[in-house]
Amino acid sequence: MADSHKEALAIRFDAIGGPEVLRLVDVEVGDPGPGEIRLRQTVAGLNYIDTYHRTGLYPMPLPSGIGMEGAGVVEAVGAGVDALRVDDRVGYCWGPIGAYATHRLIAADRVVKLPDGVSDDVAAAVLLKGCTTEFLVERCGKVEAGQTVLVQAAAGGVGLLLVQWLKHLGARVIGTASSDAKAALATAAGADAMIVYSRDAVAPRVRELTGGHGVDVVFDGVGKSTFEGSLDSLKRRGLLASFGNASGPVGAVDFAILARKGSLFATRPTLFDYYTNREEIERYAGRVLDLVARGVLDVRIDQRYALAEAAQAHRDLEAGKSIGSSVFVLED
Ligand code: NDP
């Protein structure tokens, strides 16, 4: 059962704005209610969606905590929680918001137990991005062996996981990145060809690489700046999965553009419509954790921050400085 209340450190913000709105504060975390656990978090994940919450692109009630993803140890369990015990290691990425914190309460059915082969920091680095990769490749794009796929921002957190998952199932992968150094990382992760999109136009190069046909599927988390190039890279009846806004939202689109560019399909999917209940969380997150534990997915953590550095972490992510995943280390 629950033990005493806990002092915790957490990042909160009172108004939308730049990274400077993020404040480190003391909070008190109560005992878990029915169906809840109290988690001593060891690591929290940094994700682009956190910046959308901070800027108001994805509106939410304020003041608020921030962060969707974390990992740590169960410290107390509330009434009716049978599946978890004190000292179990767990992770999550399906909200509710409030992961940038040393301790928190969360519903027991929103977390998954971590296998021995997956450390806390890897879990906090891979759950949200890995589950995004899982739904994009397997259930949204339904990519098959032998297909050719374009991954925009292939050296980013989601990008490197997409490259590895697609290669694992036998697809051919063309990636984009803003520098030769980032392109080299995506190549090392398995990309068959890379385009440095700060230098070379993407669609003409994709046509060259595909004998003029274009790719079967594009995964595009960059948004505004890559949208047209993504459509122009598709083969007839190809699919664009536009899943993010790193350069800004795509905005209003002339529907007929899909006809003009070859009877294309386009979707704007989110993780939360593919992980809607306990069964989906267990089944599909289990698949991600299994691929990590078996070494099929190599999770790069290139940026580690203290909680007090949350504003700097957001600046680095928004400046496109990061590669792979970024995490907040919450205890020594
Ligand atoms: P990344 O690590 O991929 O960082 C974003 C990358 O986008 C940058 O590193 C940069 O790579 C590229 N980029 C291109 N233009 C810009 C720009 N103007 N400003 C900043 N970056 C730019 O982030 P994540 O892995 O956390 O997320 C990737 C995308 O996936 C995001 O758009 C995010 O919102 C989306 N996402 C969507 C989900 C969903 O459910 N729909 C769930 C999870 C993530 P480069 O330097 O190579 O250009």
Side-chain angles (χ1 to χ4, degrees), residues 19 44-55 57-58 66-69 93-95 99 124-137 139-141 150-165 174-187 189 191 194-200 202 218-227 229-230 240-250 266-276 280 284-285 288 297 299-303 313-328:
L46 172 65
N47 290 285
Y48 230 94
I49 192 172
D50 307 342
T51 71
Y52 307 151
H53 290 140
R54 195 204 73 226
T55 60
L57 180 65
Y58 293 175
I66 189 165
M68 303 294 293
E69 179 179 36
C93 68
W94 305 277
V126 79
L127 272 171
L128 196 144
K129 297 173 185 76
C131 290
T132 301
T133 300
E134 178 279 318
F135 90 74
L136 283 172
V137 173
R139 292 185 281 149
C140 176
L150 176 67
V151 177
Q152 301 276 20
V158 176
L160 283 175
L161 294 171
L162 278 170
V163 170
Q164 294 176 74
W165 200 301
I174 302 172
T176 64
S178 62
S179 67
D180 289 306
K182 283 190 172 187
L185 285 173
T187 301
M194 285 299 296
I195 304 168
V196 177
Y197 55 9
S198 51
R199 189 173 62 215
D200 298 319
V202 173
V218 178
F219 293 121
D220 185 346
V222 175
K224 188 176 181 177
S225 66
T226 48
F227 180 70
S230 289
L240 168 62
S242 174
F243 65 97
N245 324 284
S247 68
V250 170
T267 178
R268 176 60 179 86
T270 83
L271 175 73
F272 308 102
D273 287 319
Y274 283 83
Y275 283 77
T276 62
E280 287 177 344
Y284 299 121
V288 173
L297 294 179
V299 183
R300 281 190 70 118
I301 306 174
D302 285 84
Q303 298 74 221
H314 276 218
R315 278 187 204 102
D316 291 347
L317 188 63
E318 289 176 295
K321 278 189 186 168
S322 59
I323 48 177
S325 292
S326 308
V327 295
F328 295 103

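Counting starts at 1 for both ligands and their atoms, in listed order. The shown structure was predicted, so the numbers you read here are calculated from the model rather than taken from an experiment.
The shortest heavy-atom distance from S322 to ligand 1 is under 4.0 Å. Residue F272 places no heavy atom under 4.0 Å from ligand 1.
Between the side chain of S247 and the backbone N or O of S225 there is at least one donor-acceptor pair closer than 3.5 Å. Checking side-chain atoms of Q303 against main-chain N and O of S325 turns up a donor-acceptor pair under 3.5 Å. Put simply, the side chain of Y52 gets close to the backbone of N245: a donor and an acceptor are under 3.5 Å apart.
For ligand 1, the atoms sitting less than 4.0 Å from at least one non-hydrogen atom of L271 are 39 (C), 40 (O), numbered in the order shown with element in parentheses. Set against the non-hydrogen atoms of K182, the atoms of ligand 1 under 4.0 Å away are 9 (O), 11 (O), 45 (P), 46 (O), 47 (O). Near G244, the atoms of ligand 1 lying under 4.0 angstrom from a non-hydrogen atom of the residue are 32 (O), 34 (O), 35 (C). The distance from ligand 1 to the heavy atoms of G156 drops below 4.0 Å at these ligand atoms: 1 (P), 2 (O), 3 (O). Interface atoms of ligand 1 facing G157, defined by a heavy-atom separation under 4.0 Å, are 1 (P), 2 (O), 3 (O), 25 (O).
Residues V299 and K129 are not in side-chain contact: their nearest non-hydrogen atoms beyond the backbone lie 4.5 Å or more apart.
The side chain to side chain contact (heavy atoms under 4.5 Å, CB included) check on T133 picks up V137, V158, L161, L162, W165, with sequence neighbours excluded.
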Query - side-chain contact (heavy atoms from CB on, under 4.5 Å) between T270 and Y58, intermediate numbers included - result: CA-CA 12 Å; T270 83; Y58 293 175; 5.9 Å; no
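In terms of polar-atom proximity, T270 is not counted as a contact of ligand 1, lacking any N or O under 3.5 Å from an N or O of the ligand. Considering backbone and side-chain atoms together, A177 places no N or O closer than 3.5 Å to any N or O of ligand 1. Not a single N or O atom of T132, backbone or side chain, sits closer than 3.5 Å to an N or O atom of ligand 1. Every N/O-N/O distance between S247 and ligand 1 stays at or above 3.5 Å. Considering both main-chain and side-chain atoms, L128 never comes within under 3.5 Å of ligand 1 through any nitrogen or oxygen pair. The N/O atoms of A153, backbone and side chain alike, include none that comes under 3.5 Å of an N/O atom in ligand 1. Geometrically, ligand 1 and L46 share no nitrogen or oxygen pair separated by less than 3.5 Å.
Looking at S179 against ligand 1, nothing comes within 4.0 Å, counting heavy atoms. For K129, every heavy-atom contact with ligand 1 shorter than 4.0 Å involves the side chain, none the backbone.
If you check which protein heavy atom lies closest to atom 25 (O) of ligand 1, you get V158 N, 2.8 Å. The protein atom (non-hydrogen) at minimum distance from atom 46 (O) of ligand 1 is S178 OG, 2.5 Å.
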Donor-acceptor pairs are to be reported for all side-chain atoms of residues 317-324 against protein atoms at under 3.5 Å, with residues two or more places apart or in another chain.
unit_1, atom_1, unit_2, atom_2, d
E318, OE1, R54, NH1, 2.9
E318, OE1, R54, NH2, 3.3
E318, OE2, R54, NH2, 3.1

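Note on ring orientation: taking the six-membered ring where Trp is involved, the planes of Y274 and F135 are parallel (angle under 30°, cut-offs 30° and 60°).
Heavy-atom proximity to atom 19 (N) of ligand 1, evaluated over P269, G320, A246, G221, is greatest for A246. Looking at Y48, Y275, F243 and measuring to atom 30 (O) of ligand 1, the nearest heavy atom belongs to F243. Within the set D316, V222, N245, the minimum heavy-atom distance to atom 14 (C) of ligand 1 is found for V222. In this structure, of Y197, Y58, Y52, the residue bringing a heavy atom nearest to atom 12 (C) of ligand 1 is Y197.
The nearest pair of heavy atoms linking A44 to A124 is C-CB, 4.0 Å. A186 and A155 make their closest contact through CB-N, 4.4 Å (heavy atoms, listed as atom of the first residue, atom of the second, distance).
Between the side chains of N47 and E69, at least one donor N or O sits under 3.5 Å from an acceptor N or O.
Atoms CD and CZ, on Q152 and F219 in that order, are 12.0 Å from each other to the nearest 0.5 Å.
Annotation: cation-pi pair R268/F227 absent, no NZ/CZ under 6.0 Å from the ring centroid and within 45° of its normal.
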